[in-house]
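The block underneath contains the structure these notes are about, expressed in structure tokens.
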Amino acid sequence: MKPIPKYFKRVFDDYQVLVKVNPTDFSGIELIVHPDGRVEKTEMSFDEEIFEDLEVDEFQPGGALEFNLYLAKANP
């Protein structure tokens with residue numbers, strides 16, 4: 001069975017960060033959405049404390065649909 005990724009987001013004053021985490025191997029993607037609509041994509045490798053880190057950094061649960069819509073706009 002394929003693991004179900006977990007999604008998180010946080011809105012800052014002038015940009016938004018969305019994070020996708022694979023809970024099995026802690027790989028993921030971070031998207032930074034700028035006010036001009038530009039989306040930066042970064043492949044990430046997290047450690048097993050990522051979920052606690054995201055909570056401390058005040059990230060909220062996000063959704064796959066929103067994440068994937070922004071991912072489609074991301075610079076390769």
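In this chain, numbering begins with 1 at the start of the sequence shown.
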- Note on the structure: The reported gap from CD in Glu49 to CG in Leu54 (rounded to nearest 0.5 angstrom) is 12.0 Å

- Message: Is the shortest side-chain heavy-atom distance between Pro23 and Phe51 below 4.5 Å?
- Response: yes

- Note on the structure: Ser45 meets the side-chain contact (heavy atoms from CB on, under 4.5 Å) criterion, sequence neighbours left out, with none

- For Glu30, all residues meeting salt bridge (charged side-chain N to carboxylate O under 4.0 Å, His left out), sequence neighbours excluded: none

- Query: Roughly how far, to the nearest 0.5 Å, is the CE atom of Met44 from the CG atom of Leu31?
  - Reply: 11.0 Å

For residues 9-19, run the donor-acceptor check on the side chains, cut-off 3.5 Å, and write out each pair with its distance to 0.1 Å, sequence neighbours left out.
| residue | atom | partner | partner atom | Å |
| --- | --- | --- | --- | --- |
| Lys9 | NZ | Glu66 | OE1 | 3.2 |
| Lys9 | NZ | Glu66 | OE2 | 3.3 |
| Arg10 | NH1 | Asp57 | O | 2.8 |

- Message: Listing request: all ring-ring contact (aromatic ring centres under 6.0 Å, His included) pairs with a residue in residues 16-46, at least two apart in sequence or in separate chains.
- Response: none

- side-chain contact (heavy atoms from CB on, under 4.5 Å) with Asn68: which residues, sequence neighbours excluded? Tyr7, Ala64, Leu71

- Task: Indicate if Phe59 and Val33 have the same hydrophobic cluster label, given that clusters are the connected sets of ILVMFWY residues with side-chain heavy-atom separations under 4.5 angstrom.
- Result: no

- Message: Could you measure the distance from the CD1 atom of Ile50 to the CG atom of Asn22? Nearest 0.5 Å is fine.
- Response: 12.5 Å

- Message: Can you list everything that forms a salt bridge (charged side-chain N to carboxylate O under 4.0 Å, His left out) with Glu43? Sequence neighbours excluded, please.
- Response: Lys41

- Spacing of Tyr70 atom OH and Ile29 atom CD1 [to the nearest 0.5 Å]: 16.0 Å

- dist Lys73:NZ -> Glu40:CD (nearest 0.5 Å) comes out at 14.5 Å

